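Since the model is a prediction, treat every value here as computed from it, not as a measurement.
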Amino acid sequence: MSRNSAQWHAKPNLPETHYVDSSIYTSEEFFREEQEKIFNKVWIIACHESEVPNAYDYRTFQHPGGENLIIVRGDDQKVRAFYNICPHRGNTILYDPSGNAKNMTCIFHSWSFDTKGNCVDITRGTEGYQNRIDKQDVCLREVKCDTGYGGFIWVNVDDESMSLKEYIGDALGLLDECIQPEMEVFHYHKAIVNTNYKLWHDTNSEFYHDFLHYFNRITGMIQPGYYDRKYEGYKYGHASVGSMEVQYDKYAGSQKRGVGWPGLGPGGWILIDLFPGMTYNLRTSVLRLDTAIPLGANKVAIEFRGLGLKSDTPEQRAERIRDHNTIWGPFGRNLHEDLLAVHGQGIAMREGTDSKWVIQGREESSTIHDEVGMRHFYAEWSRRMGRKASAPQEQGKIEAA
Amino acid sequence: MNSHEAVERLIYKSALALDEKNFDGYLELCDGAFTYTICTYSPEIRKDMIWLQHDKEGMKTLFKNLPRHNSDHSPLTRHVTVYTVDQKDDGTEAEVVSGLQVYKTALDGGATSLYAVGKIYDTVKLSGDSVSLVKRNIRLDTRELGIGHHVPF
């Protein structure tokens with residue numbers, strides 16, 4: 001029997017940890033609070049070291065907290081991160097997403113900065129400022145930066161934050177062996193979707209949605225071992241899913257695979273979600289790395305990277321690219337389905353649609369269709385926000401799960 | 001009809017076939033050795049990327065599998081303009097460069113938006129009166145494709 005308005009709005013008959021109020025996906029107020037309390041406090045992946053291999057190589061990064069950053073490798077080989085804002089008149093210093101610049105010079109009035117963030121030139125400085133402003137007073141704002149866990153470059157805009165090592169803890173343990181070899185990004189694309197960033201991370205945090213994917217149903221869900229995969233939660237909202245042997249040859253058109261990945265069994269698949277919006281997804285012969293960058297309550301830019309090994313021969317790299325493109329990439333079979341689904345959630349749940357609850361109540365001993373991964377995320381979200389995801393209008397101190 | 005006109009006709013028919021989701025008709029325009037690639041350059045990672053690559057059999061399988069997947073069913077309209085047709089001296093092949101614009105029309109309401117732009121680099125086999133696609137390389141300028149798409153351009 002269908003439900004009336006009162007029934008539709010009534011709380012689900014589940015523990016309050018097993019559902020969320022959909023306003024956490026639609027409220028601009030909550031979004032701005034997330035930027036302040038979450039994104040500007042945690043470590044975020046900005047790019048990969050293979051994107052800045054040489055001295056003076058740089059990448060720009062739109063940080064999910066709102067800041068525009070420059071990631072640059074110095075002549076001392078150290079990678080540093082700075083705000084991409086000229087301290088003079090607030091212009092963007094580097095416009096291109098990547099490049100190589102010994103000094104970074106603002107196009108507006110030619111103030112120049114080195115790769116350590118020092119201001120090295122103020123054009124006609126003495127004539128204009130006499131002794132009132134010195135170059136050392138107008139250096140760039142540096143942001144904490146660290147490299148690790150597969151050669152990714154991480155940033156944290158909170159000067160007082162914990163270390164990256166403490167933040168990650170044991171969460172990437174399942175991939176320890178797999179991310180030791182030197183890697184290289186061979187694929188990058190960005191998808192901008194009108195949906196909330198958490199809905200993308202939710203999708204990466206539950207496998208019940210394998211019903212969405214013909215590829216996963218045929219190669220995984222109906223194969224032995226599928227229901228044995230288990231979720232494990234870690235401190236600070238991270239979670240992992242253990243491996244199984246995916247039968248890729250069950251999908252028509254899939255070719256026999258020979259490359260594989262060091263430390264990953266044949267047909268293996270390890271997925272690790274890092275709070276608040278990053279996912280390591282290692283399957284077939286490719287590591288995919290997602291970074292969700294919210295642009296608003298109902299808009300997200302998702303950066304997708306595909307990585308192979310730096311030691312790849314051209315033939316091995318070609319196979320990784322083929323594996324990647326079969327299910328991922330803008331024309332991949334699975335990625336389009338996942339993005340279509342979260343796009344649909346964005347339409348259904350946007351403000352004014354009278355959406356109310358999202359259920360995350362499946363319990364199957366933490367195995368593959370259990371929704372414990374999402375619950376684990378929202379426990380951390382609630383702790384950091386001081387709001388229960390199931391009743392976000394109420395504020396207060398919330399303990400960690 | 002001269003070979004230049006025949007080549008142009010082939011390119012335009014291939015766009016029409018895909019617009020109409022006439023996948024068998026599209027494959028009929030392709031030689032047995034046909035290869036299809038979508039590629040682009042990423043200024044972010046400063047690398048060329050391949051986003052889709054199949055031989056004729058692979059394309060056939062891709063089309064066959066389409067109904068098994070969940071897809072955005074918004075129709076695509078391909079606007080192609082043949083820029084140059086350069087025939088080999090021996091008259092067996094022609095290299096063709098075309099401009100490509102892909103439009104997407106929403107099913108609900110019918111709003112049309114520009115979805116992608118790029119160029120098509122084709123190798124066409126000329127054999128008597130018949131012409132067929134041997135190689136199609138679509139080089140996209142557009143890299144932000146939103147939720148993506150299952151049907152090739």
- Which of A:G99, A:G329, A:G332 touches chain B most, by non-hydrogen pairs under 4.5 Å: A:G99
- Note on the structure: Among residues 25-33 of chain B, residues within the sub-4.5 Å heavy-atom range of chain A, in order of number, are none
- Tell me, side chain or backbone of A:E184 under 4.5 Å from chain B's heavy atoms, or both, or neither? side chain
- Message: Check this for me: B:D108, atom CG, are more than 12 non-hydrogen atoms of other residues, nucleotides or ligands nearer than 6.0 Å?
- Response: no
- Heavy-atom distances under 4.5 Å only: say whether A:I321 touches chain B with side chain, backbone, both or neither. side chain
- Message: What's the separation between atom CG in A:N334 and atom NE2 in B:H150, rounded to the nearest 0.5 Å?
- Response: 7.5 Å
- Message: Can you confirm whether A:S98 sits close enough to B:E44 that some side-chain heavy atom of one is under 4.5 Å from a side-chain heavy atom of the other?
- Response: no
- Query: Can you tell which of A:H187, A:H324, A:H189 has the highest number of heavy-atom pairs within less than 4.5 Å of chain B?
  - Reply: A:H187
- In terms of heavy-atom pairs under 4.5 Å, which option from A:H343, A:K190, A:R217 contacts chain B the most? A:K190
- Closest non-hydrogen atoms of A:A191 and B:G146, given as atom of the first, atom of the second and distance, are CB-O, 3.2 Å
- Note on the structure: Honestly, the part of A:V185 sitting under 4.5 Å from a heavy atom of chain B is both
- Message: For the CZ atom on B:F23, are there more than 12 heavy atoms of other groups (residues, nucleotides or ligands in this structure) within a distance under 6.0 Å?
- Response: yes
- Using a heavy-atom distance cut-off of less than 4.5 Å, which residues of residues 48-71 of chain B contact chain A? B:M49, B:I50, B:W51, B:L52, B:T61, B:L62, B:N65, B:L66, B:R68, B:H69, B:N70, B:S71
- Select one option (side chain, backbone, both, neither) describing which atoms of A:R59 are under 4.5 Å from chain B's heavy atoms. side chain
- Message: Tell me whether the count of non-hydrogen atoms from other residues, nucleotides or ligands lying under 6.0 Å of NZ in B:K135 goes above 12.
- Response: no
- Query: Between the main-chain N or O of B:I147 and the side-chain N or O of A:H336, is there a donor-acceptor pair closer than 3.5 Å?
  - Reply: yes
- Top contributor to chain A interface from B:I45, B:L145, B:V151 [non-hydrogen pairs under 4.5 Å]: B:I45
- Query: Taking atom NZ of A:K299 as the centre, does the number of heavy atoms from other residues, nucleotides or ligands within less than 6.0 Å exceed 12?
  - Reply: no
